[in-house]
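Chain letters run A, B, ... following the sequence lines, proteins first and then strands; every chain starts at 1.
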Amino acid sequence: NPYQAAFDLPGWGFYVADRIAQHLGFPADAPSRSRACMLYVLEMAANEGHTAVEKPQLENKMSELFQIETEAFDAAFQKMVTEGDLVCRTVDGFENDLVYLGHLFEAERRIAAHVDRLLKAPLPVSRFDRQALIQEVIENLAIEPSAQQAGILEAILQHRMAIITGGPGTGKTTLVRAVCTLYKRLGKSVFLAAPTGRAARRLAEVTGREARTIHRMLLYDPDQEGFQKSEKDPLDADVVIVDEASMVDVVLMRHLLDAVSTKSRVVLVGDRFQLPSVGPGNVLSDLIDAGAIPVFELTEIFRQAAESPIVLNAHRVRAGQMPVMEPKTDPDELQEFYIIEQASAESAARQIVEMVASRIPDTFGYDPIRDIQVLTPMHKGIVGTIALNQALQQALNPQSPGIEVFGTTFRIRDKVMHLRNNHQKEVYNGDIGIVEDFDKRHQKILVRYDDRPVPYEKEEIQELTPAYAITVHKSQGSEYPAVILPLMGIHYPMLQRNLLYTALTRGKRLVILIGTQQAIRAAVENNRASNRLSTLKAMLADLKA
DNA sequence: TATAAAAA
Ligand SMILES: Nc1ncnc2c1ncn2[C@@H]1O[C@H](COP(=O)(O)OP(=O)(O)OP(=O)(O)O)[C@@H](O)[C@H]1O
């Protein structure tokens, strides 16, 4: 069965393989072919973020791409539904029947069931004087919470499940610190987690407590391709708090809630207008829309001044309008937001390097390594992280002694990020440090994380990447004095509104957008996150009824 | 119509 192998081919690889198989005379109506094609169409939809497809659309695709028509379609469809590969349902709010991959249906169904289970479980009556306790916690915080934050802090206590939302820089993560402290003060254990390593690291920095990726918290086992934590072995925490929840897909949320016992509480924190999950679903957005879980929203922005052009442009982008530069009154006056047009990727890359190395330090006084962060949509390409890191290193740190590992050089003074959890060394994906020393004789380097030096043997250096430029995905949750964001035609597959919104709200005092008008427009106009087809909201409504 | 994350 050639379709067994072909199915592993990514994207259009399957389509091409099918054409070849057809050309070689493999029967077009073979059941194995129909089955593989059906899975392919649904996988492609999942790739675009959908958890299900309307049945007529599935039929159209099967006909268009593979000329599999009614009879063959029905035969394959029935068999797959019977065997559990597919689930077909009539769902409120959808004109046509929906077809799901079995595991995505199961993920959404279980999330809804878990939310229902947690919301129905009564909370024990608290014997504490809540007001006095909250007052005490607030007085001991490094950052004094706003009235809005303090109000949510108190309200959160009264719910087994809650959502904290609000725009970028409104202090959601900062509020988590207070929530943590309060629960600790009540003698409750708190687990903190985030979908990306970098966001987990940032959460740990803001709260001063351990925070892990959701995968690490659930003890992901790559051999089993599954999680050790589950209903049978739930998370041993009174409170589980997940930050940057917009990036959690349906499958991960299912496993997370599988592992939350009815004795625990859950707080989801995130902003649905920032990046959606890489995998299918729109979990946070659906949960907010469903209205079953209490939602607390922060509105006051702390990261930038309210009248900052960064904030103004973030609002424009969120509303689907092009970002704009303020008209200059005085030619020498410095701005907070710049849009610089560059037609080619090469010239954009050159200008980014020049800005980081000299223009921004000279005119704004920012330190290239500490204060300026280049964010880019992709890893590959001339304006991807890999090439930009090379070029930036060449400009910022060309001379220091260093070591080359698989084509990447690490020199003393380089800013680096650790990528692969290393439990012995206690360094994890998302940790950012500076190369402090290089031992030429033993081919070792020393990386300093805050105040902790960590030695790397030569074979371990591949767990690092230079971090002058990182992806927008990894930057979600973090903030930097100055941000440079290239948006070019070659980033096309990544250009979407949420990505631009997330990237430019990372900057505290300076944001420079470099690219083509076309690419910026493509990003602003592409609101595909909100076009994801998902049914979690409908399933929750169903349970309520 | 290929890209972003997670894990080793
Ligand atoms: N009550 C406050 N007073 C002063 N500054 C605050 C307050 N709350 C938060 N901040 C500051 O605002 C900035 C943004 O806060 P934070 O990172 O918590 O926002 P966020 O809502 O989590 O953002 P994002 O959506 O980007 O993750 C931080 O520099 C933080 O120190």
Quiz item: What is the distance from CZ of R198(A) to P of dA4(B), rounded to the nearest Å?
Solution: 19 Å
Quiz prompt | Sidechain N-carboxylate O distance under 4.0 Å for D243(A), K172(A) | solution = no
Quiz item: With nearest nucleotides of DNA chain B determined for P222(A) and D249(A) from heavy-atom distances, which residue corresponds to the more 5′ nucleotide?
Solution: D249(A)
Exercise. Could you check whether M44(A) gets within reach of a base, just the sugar-phosphate, or nothing at all, counting any heavy atom under 4.0 Å?
Key: base
Quiz item: Is there a donor and acceptor pair closer than 3.5 Å between the side chain of N47(A) and the base of dT3(B)?
Solution: yes
Quiz item: Looking at E244(A) and R198(A), does any basic side-chain N land under 4.0 Å from a carboxylate oxygen?
Solution: no
Quiz item: Quick one: is dA5(B) close enough that its OP1 or OP2 comes under 4.0 Å of any side-chain N or O from S277(A)?
Solution: no
Quiz item: In whole Å, what is the span from the CD atom of E463(A) to the P atom of dA8(B)?
Solution: 10 Å
Practice problem: Go through dA4(B), dA7(B), dA2(B) for me and flag the one nearest to the P493(A) side chain. | Solution: dA2(B)
Quiz prompt | Whole-Å distance separating the NZ atom of K474(A) from the C1' atom of dA5(B) | solution = 7 Å
Quiz item: Quick one: are F410(A) and I461(A) in side-chain contact, heavy atoms under 4.5 Å?
Solution: yes
Quiz item: Parallel, tilted or perpendicular: which describes the rings of Y449(A) and H418(A), with under 30° parallel and over 60° perpendicular?
Solution: perpendicular
Exercise. Measure from NZ on K380(A) to C1' on dA5(B) and round the result to the nearest Å.
Key: 15 Å
Self-check item: Length of the CG-C1' vector between D243(A) and dA6(B), whole Å
Solution: 17 Å
Quiz item: What's the closest nucleotide to the H473(A) side chain, out of dT1(B), dT3(B), dA5(B)?
Solution: dA5(B)
Exercise. Would you classify H379(A) as touching base, sugar-phosphate or nothing, given that sugar-phosphate means primed atoms plus P, OP1 and OP2, and contacts are heavy atoms under 4.0 Å?
Key: sugar-phosphate
Exercise. Taking the six-membered ring for Trp and the single ring otherwise, decide whether the centroids of Y220(A) and H255(A) are under 6.0 Å apart.
Key: no
Practice problem: Describe, in one word, how the ring planes of F105(A) and Y100(A) are oriented to each other, choosing from parallel (under 30°), tilted (30 to 60°) and perpendicular (over 60°). | Solution: perpendicular
Quiz prompt | Whether Y501(A) and F273(A) hold their rings parallel, tilted or perpendicular, with breakpoints at 30° and 60° | solution = perpendicular
Quiz item: Between R532(A) (CZ) and dT3(B) (P), how many Å, whole number?
Solution: 17 Å
Quiz item: Which class fits the ring pair Y40(A) and F14(A): parallel under 30°, tilted 30 to 60°, perpendicular over 60°?
Solution: parallel
Quiz item: Within the structure shown, what part of the strands sits under 4.0 Å from N429(A) by heavy-atom distance: base, sugar-phosphate, or nothing?
Solution: sugar-phosphate
Quiz item: What is the distance, rounded to the nearest whole Å, between atom CG of L495(A) and atom C1' of dA2(B)?
Solution: 12 Å
Practice problem: Ignoring the backbone of N421(A), work out which of dA5(B), dA2(B), dA8(B) is nearest its side chain. | Solution: dA8(B)
Quiz item: Atom CD of E43(A) and atom C1' of dA2(B): how far apart are they, to the nearest Å?
Solution: 16 Å
Practice problem: Between dT3(B), dA5(B), dT1(B), spot the one nearest the side chain of M378(A), thanks. | Solution: dT3(B)
Self-check item: Nucleotide nearest Y220(A) when distance is taken to its side chain, options dA2(B), dA7(B), dA8(B)
Solution: dA7(B)
Quiz item: Considering only heavy atoms, which members of residues 211-219 of chain A lie under 4.0 Å from some atom of DNA chain B?
Solution: T213(A), H215(A)
Exercise. Using a 4.0 Å heavy-atom cut-off across all strands, classify G279(A) as base, sugar-phosphate, or nothing.
Key: nothing
